[in-house]
Amino acid sequence: YSSYSSFIDIAEDPSSGKLVAVHQHASGSQQGRAIVGTVSGDDITWGAVQEYDPGGSYDNTVIWDPSTSKFLILYRDTTDGGKGTAKLATRTNDTLSFTSYIQFSSGSYVRDIQVDTDGSGKFLICYKDEGNSNRWSAVVGTTSGNSISFGTPVEVSSTNNTGNYGGDVVFTGTANKFVVVYSDNTNNNTGYSRVATISGTTVSFGTETRIDTSSYVYNSSTYQVTAVGHSLEMDADNGTVHFLTTSTLEGGSN
C-alpha cells in the first residue's frame with residue numbers, strides 16, 4: 001500500500017477483524033504513517049494513509065488494547081532526540097484519529113521497541129536504551145479512556161548491547177506474568193530470559209536464566225551458543241512460551 005516503507009508492524013482488532021498497519025514513509029521525510037486494512041476471503045483492501053508523526057518515526061510498533069478498544073502505537077521520535085513515544089489511535093470505519101503524543105523514555109535514542117499487554121490496560125514495553133549504554137530496559141504503561149501513562153523505566157539487564165538486537169516480551173495468561181528475552185553482547189551474545197511481574201506502575205524481575213546452556217567447539221576453542229534476534233509467542237492451548245532465534249553456530253552457519 002506504500003512504496004519505500006520501513007519499520008513495519010501490524011495489529012488486529014479481533015472484535016471487528018480490522019487491521020492497523022504502521023510504517024515509516026522512507027521515500028518521504030520518514031513520517032510515521034498508519035492505515036486500516038480489511039480482509040475479505042483471500043483479499044485485503046486498505047483505507048487512506050494517515051500520518052501520526054509528520055516529523056519522522058523509527059521502530060514503529062502497534063498493539064491492540066482490548067481495555068479501551070484502541071490501538072497503541074509506539075515509536076522512536078526522530079525530531080525529539082529519538083525518545084520513546086506513544087499515541088493511542090481510535091478507529092472509525094477505515095479512519096484513524098490519534099491522541100497527542102506522550103513519551104515513555106526521557107533518554108535519547110531508544111531502539112528495538114517491543115510490547116505486550118495483559119488485556120487489562122497494562123502494557124510492558126521493552127526497548128534498547130542507547131542513551132543508557134544500550135541497556136535492555138522496560139517500562140509499564142497504563143491506558144485509561146483516551147490517555148496512557150507510564151511508570152519509571154528500569155533496566156532489565158546492565159549489559160551494554162551496542163551493535164546488537166534488543167529482545168522481546170510476551171504475556172502468559174497461564175502464569176499471569178510477562179517473559180522477557182534478550183542477548184548479552186559481552187558474553188558471546190548468549191540469550192537470557194527473565195520473568196516480569198507488574199504491580200501498579202512498577203515492574204519487578206525474577207532470576208536471569210540462560211536460554212541455551214550448550215556449547216560447541218570450533219578450531220579447538222569452545223564457545224557458548226549465541227541467541228540473537230528473538231521472537232516470542234504464547235501458545236494459549238497449553239500455556240507455554242515459544243521462542244525463535246537466529247543462533248550462530250560453528251563459525252558462521254545460522
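Because only heavy atoms are used, hydrogens play no part in the values below, and waters and symmetry mates are left out as well, while side chains stay in.
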Practice task
Would you mind checking if Lys18 and Asp13 are paired as a salt bridge, meaning a charged N to carboxylate O distance below 4.0 Å?
Solution key: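 Answer for the salt bridge query: no.
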
Problem - Residue Glu233 excluded, over 12 heavy atoms near CD under 6.0 Å - result: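 Not buried by this count: 12 neighbours or fewer within 6.0 Å.
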
Practice task
Mark yes when over 12 heavy atoms from residues, nucleotides or ligands other than Tyr109 sit less than 6.0 Å from its OH; otherwise mark no.
Solution key: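 Open: at most 12 neighbouring heavy atoms sit under 6.0 Å from OH of Tyr109.
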
Of the non-hydrogen atoms in [X] and [Y], which two are nearest, and what is the gap between them?
{"X": "Thr117", "Y": "Lys122", "result": "OG1-O, 2.8 Å"}
{"X": "Ala138", "Y": "Leu124", "result": "CB-CD1, 4.0 Å"}
{"X": "Asn93", "Y": "Val36", "result": "O-CG1, 4.0 Å"}
{"X": "Val156", "Y": "Ser137", "result": "CG2-C, 3.8 Å"}
{"X": "Ser105", "Y": "Val110", "result": "OG-CG1, 3.2 Å"}
{"X": "Leu96", "Y": "Ala34", "result": "CD1-CB, 3.7 Å"}

Just by distance, do the side chain of [X] and the backbone of [Y] share a donor-acceptor pair under 3.5 Å?
{"X": "Lys70", "Y": "Phe98", "value": "no"}
{"X": "Arg33", "Y": "His23", "value": "no"}
{"X": "Asn60", "Y": "Ile8", "value": "no"}
{"X": "Ser193", "Y": "Val180", "value": "no"}
{"X": "Asp65", "Y": "Leu72", "value": "no"}
{"X": "Arg111", "Y": "Glu130", "value": "no"}
{"X": "Arg135", "Y": "Ser158", "value": "yes"}
{"X": "Asp212", "Y": "Ser214", "value": "yes"}
{"X": "Thr99", "Y": "Leu88", "value": "yes"}

Practice task
Establish, from distance only, whether the side-chain atoms of Glu208 and Tyr182 form a donor-acceptor pair under 3.5 Å.
Solution key: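 Present: a donor and an acceptor within the cut-off.
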
Problem - Side-chain donor-acceptor pair present, Lys177, Thr172, cut-off under 3.5 Å - result: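 Side chains of Lys177 and Thr172: no pair found under 3.5 Å.
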
Validation row: [X], [Y] side chains within 4.5 angstrom (heavy atoms):
{"X": "Gln114", "Y": "Thr61", "value": "no"}
{"X": "Thr68", "Y": "Ile148", "value": "no"}
{"X": "Pro14", "Y": "Trp64", "value": "yes"}

Using the rule that two of Ile, Leu, Val, Met, Phe, Trp, Tyr join whenever any of their side-chain heavy atoms come within less than 4.5 Å, decide whether [X] and [Y] are in one cluster.
{"X": "Ile113", "Y": "Val22", "answer": "no"}
{"X": "Phe71", "Y": "Ile102", "answer": "no"}
{"X": "Val179", "Y": "Ile211", "answer": "yes"}
{"X": "Phe205", "Y": "Ile198", "answer": "yes"}
{"X": "Tyr52", "Y": "Val62", "answer": "yes"}

Practice task
Decide side-chain hydrogen bond (donor to acceptor under 3.5 Å, both in side chains) for Ser120 and Asp118; before the verdict, give the C-alpha distance in whole Å, the side-chain angles of both, and the deciding distance to 0.1 Å.
Solution key: CA-CA 6 Å; Ser120 71; Asp118 63 3; 2.8 Å; yes

Exercise for the section: Start with the C-alpha gap between Trp136 and Asp129, add the side-chain angles, then the distance that decides, and say whether side-chain contact (heavy atoms from CB on, under 4.5 Å) holds. Expected result: CA-CA 6 Å; Trp136 192 232; Asp129 189 347; over 6 Å; no

Practice task
Test Ile10 against every option in Ile35, Leu19, Val20 by the side chain to side chain contact (heavy atoms under 4.5 Å, CB included) rule and name the one that passes.
Solution key: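 When Ile35, Leu19, Val20 are each tested with Ile10, the side chain to side chain contact (heavy atoms under 4.5 Å, CB included) holds only for Leu19.
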
Exercise for the section: Please step through side-chain contact (heavy atoms from CB on, under 4.5 Å) for the pair Cys126 and Phe178, ending with a clear verdict. Expected result: CA-CA 11 Å; Cys126 295; Phe178 292 83; over 6 Å; no

Exercise for the section: Go through Gln24 and Tyr58 one step at a time and tell me if the side-chain contact (heavy atoms from CB on, under 4.5 Å) criterion holds. Expected result: CA-CA 7 Å; Gln24 178 200 83; Tyr58 278 74; 3.4 Å; yes

Problem - Residues forming a side chain to side chain contact (heavy atoms under 4.5 Å, CB included) with Thr85, sequence neighbours excluded - result: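 Counting only residues at least two positions away or on another chain, Thr85 forms a side chain to side chain contact (heavy atoms under 4.5 Å, CB included) with Tyr75, Asp77, Tyr101, Gln103.
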
Once you round to the nearest 0.5 Å, how far does [atom1] of [X] lie from [atom2] of [Y]?
{"X": "Arg91", "Y": "Ser69", "atom1": "CZ", "atom2": "OG", "result": "9.5 Å"}
{"X": "Ser204", "Y": "Arg194", "atom1": "OG", "atom2": "CZ", "result": "9.5 Å"}
{"X": "Asp53", "Y": "Thr78", "atom1": "CG", "atom2": "OG1", "result": "6.5 Å"}
{"X": "Thr79", "Y": "Gln30", "atom1": "OG1", "atom2": "CD", "result": "11.0 Å"}

Exercise for the section: Kindly determine whether Tyr127 and Val139 satisfy side-chain contact (heavy atoms from CB on, under 4.5 Å), including the steps that lead there. Expected result: CA-CA 9 Å; Tyr127 57 95; Val139 64; 4.1 Å; yes

